[in-house]
Asker: 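Have a look at this one.
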Amino acid sequence: MSPRSASVNEELRRRSRERLLQAAVELVRERGYEATTLGDIADRAGSARGLVSYYFPGKRHLVQSAVHRLMHRTLDEALEREPHTEDGRERMARAVDAILGLARDQPVLMRTHMAGLLQAEGFVQCPEQQRLAELLRDTVVRRGLRNVDADYPMLRSLLMGAVYAMVLPNVPLPITPLRAELFERYGLDWEMGVPPDTEAADGTGQTDMSRFFATDDRPVDQSK
């Protein structure tokens with residue numbers, strides 16, 4: 001059998017990494033961060049346990065990357081959904097609703113993520129975090145805000161603060177007043193985006209997230 005080509009090896013590595021990201025969000029959502037081990041994640045992903053450290057330095061890095069993936073894919077889906085729009089105000093509304101909606105629908109994951117950001121290493125620099133940053137920065141640009149270098153980190157900070165308020169144990173704030181505050185700040189109309197009273201959320205966090213992880217299981221053509 002001839003050796004696999006570089007492109008085939010790259011595709012197999014991509015799929016392995018995607019499976020680990022998906023397994024991480026599933027298990028943390030089900031069990032919580034502390035009760036989830038790297039071995040559990042590898043087993044759920046169908047990967048060798050030693051392979052986890054090939055892609056990720058540790059559990060914190062893996063889980064942050066996984067949640068950043070969930071966030072940037074959720075945001076991208078919200079921004080590009082039909083009817084497609086280039087209107088900067090509508091896109092800003094969709095972005096706010098996407099992030100707040102994750103805090104409402106996936107409180108365990110988002111609480112874990114916020115706790116991770118407070119660790120010494122802070123933001124994990126990974127492709128998922130970089131893509132999320134690009135989408136949020138582009139949202140600021142399209143909204144027409146004048147000082148992008150200042151307005152982008154401000155939007156990021158305000159969203160993080162709102163998420164923190166929503167997932168705080170025992171005394172969480174509801175989505176409605178937080179959304180109203182952000183919409184007023186950015187000059188958005190309440191009916192833009194996806195107002196919270198237009199969709200039901202059961203709060204269980206059991207939404208299927210598999211579409212956000214490109215783990216195509218079709219056989220890889222190893223003849224290339």
Side-chain angles (χ1 to χ4, degrees), residues 12-77 98-133 156 159-175 178 199-217:
L12 291 173
R13 285 193 292 269
R14 183 192 67 81
R15 293 188 187 187
S16 294
R17 189 175 186 277
E18 292 282 328
R19 284 193 292 269
L20 289 168
L21 291 170
Q22 182 176 348
V25 296
E26 289 175 351
L27 286 169
V28 171
R29 180 178 65 177
E30 294 168 12
R31 306 177 184 178
Y33 180 79
E34 296 299 333
T36 299
T37 69
L38 287 175
D40 294 333
I41 294 170
D43 291 344
R44 173 69 66 89
S47 299
R49 298 192 180 194
L51 192 62
V52 181
S53 60
Y54 175 81
Y55 296 109
F56 304 99
K59 185 171 73 167
R60 181 70 63 187
H61 190 124
L62 169 54
V63 172
Q64 271 208 42
S65 295
V67 177
H68 276 136
R69 162 60 62 85
L70 178 62
M71 292 175 70
H72 93 64
R73 287 288 179 87
T74 299
L75 179 56
D76 188 48
E77 184 179 84
I99 301 303
L100 297 189
L102 270 177
R104 177 196 60 201
D105 300 337
Q106 304 292 341
V108 173
L109 284 173
M110 297 305 287
R111 188 179 303 123
T112 299
H113 183 62
M114 296 303 295
L117 297 182
L118 296 175
Q119 301 297 311
E121 62 266 29
F123 272 114
V124 165
Q125 299 299 313
C126 61
E128 288 73 25
Q129 187 275 329
Q130 292 166 7
R131 179 58 179 149
L132 175 62
R156 183 185 64 196
L159 288 172
M160 287 173 61
V163 168
Y164 180 85
M166 290 179 67
V167 302
L168 196 63
N170 301 323
V171 288
L173 278 177
I175 189 173
L178 293 165
E199 62 176 14
D202 62 14
T204 64
Q206 296 306 306
T207 306
D208 179 19
M209 300 181 294
S210 61
R211 68 186 185 280
F212 296 126
F213 300 91
T215 52
D216 186 349
D217 288 328

Asker: Under the rule for side-chain hydrogen bond (donor to acceptor under 3.5 Å, both in side chains), what residues qualify as partners of Arg111, not counting sequence neighbours?
Answerer: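 Per chain and number, Arg111 pairs via side-chain hydrogen bond (donor to acceptor under 3.5 Å, both in side chains) with no residue.
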Asker: Report the residues that fulfil side-chain hydrogen bond (donor to acceptor under 3.5 Å, both in side chains) with Glu77, sequence neighbours left out, ordered by chain and then residue number.
Answerer: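 Listed in chain order: Arg211.
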Asker: Go through the structure and list residues passing side-chain hydrogen bond (donor to acceptor under 3.5 Å, both in side chains) with Ser53, not counting sequence neighbours.
Answerer: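 Testing Ser53 for side-chain hydrogen bond (donor to acceptor under 3.5 Å, both in side chains), a comparison that skips the adjacent residues, returns none.
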Asker: For Ala98 versus Thr74, what's the shortest heavy-atom pair and its separation?
Answerer: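 Heavy atoms only, the tightest pair is O-CG2, 4.1 Å.
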Asker: Using a 3.5 Å distance criterion without hydrogens, assess whether the side chain of His113 forms a donor-acceptor pair with backbone atoms of Leu109.
Answerer: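 It does not hold such a pair.
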Asker: Hey, what do you get for CD (Gln129) to CD (Gln64), rounding to the nearest 0.5 Å?
Answerer: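 Those atoms lie 8.5 Å apart.
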Asker: Kindly write out the residues that satisfy side chain to side chain contact (heavy atoms under 4.5 Å, CB included) with Ala165, not counting sequence neighbours, or none if the list is empty.
Answerer: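 Per chain and number, Ala165 pairs via side chain to side chain contact (heavy atoms under 4.5 Å, CB included) with Leu173, Leu178.
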Asker: Roughly how far, to the nearest 0.5 Å, is the CG atom of Leu27 from the CD atom of Gln22?
Answerer: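 Gln22 atom CD to Leu27 atom CG measures 10.5 Å (nearest 0.5 Å).
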Asker: What I'd like to find out is whether the side chain of Arg44 reaches to under 4.5 Å of the side chain of Asp40, using heavy atoms alone.
Answerer: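 Not in contact.
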Asker: Which atom names give the shortest non-hydrogen contact between Pro107 and Val167, and what distance separates them?
Answerer: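 Smallest interatomic distance, heavy atoms only, reads O-CG1, 4.0 Å.
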Asker: Verify side chain to side chain contact (heavy atoms under 4.5 Å, CB included) between Arg69 and Val25, making sure each step is shown before the conclusion.
Answerer: CA-CA 10 Å; Arg69 162 60 62 85; Val25 296; over 6 Å; no
Asker: Could you give the side-chain donor-acceptor pairs of residues 54-63 under 3.5 Å, partners two or more places apart or in another chain?
Answerer:
| from | atom 1 | to | atom 2 | distance (Å) |
| --- | --- | --- | --- | --- |
| Tyr55 | OH | Arg13 | O | 3.2 |
| Lys59 | NZ | Tyr33 | O | 2.9 |
| Lys59 | NZ | Thr36 | O | 2.7 |

Asker: When rounded to the nearest 0.5 angstrom, what distance separates CE in Met71 from NE2 in His68?
Answerer: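 It comes to 6.0 Å.
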Asker: Can you measure from CZ (Arg49) to CG (Asp43) and round to the nearest 0.5 angstrom?
Answerer: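 Interatomic distance, Arg49 CZ to Asp43 CG, rounded to 0.5 Å: 4.0 Å.
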Asker: For residues Val108 and Gly32, report the shortest heavy-atom separation together with the two atoms involved.
Answerer: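 Heavy atoms of Val108 and Gly32 come nearest at CG1-CA, 4.5 Å.
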Asker: Tell me every residue that passes side-chain hydrogen bond (donor to acceptor under 3.5 Å, both in side chains) with Asp76, counting only those two or more places apart in sequence or in another chain.
Answerer: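 side-chain hydrogen bond (donor to acceptor under 3.5 Å, both in side chains) check on Asp76 returns nothing, list empty.
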Asker: With rounding to the nearest 0.5 Å, note down the distance linking OG in Ser65 to CG in Leu70.
Answerer: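 Spacing of OG (Ser65) from CG (Leu70) equals 12.5 Å.
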Asker: Atom CE in Met160, atom CE in Met114: separation rounded to 0.5 Å?
Answerer: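 Output value for this atom pair is 4.5 Å.
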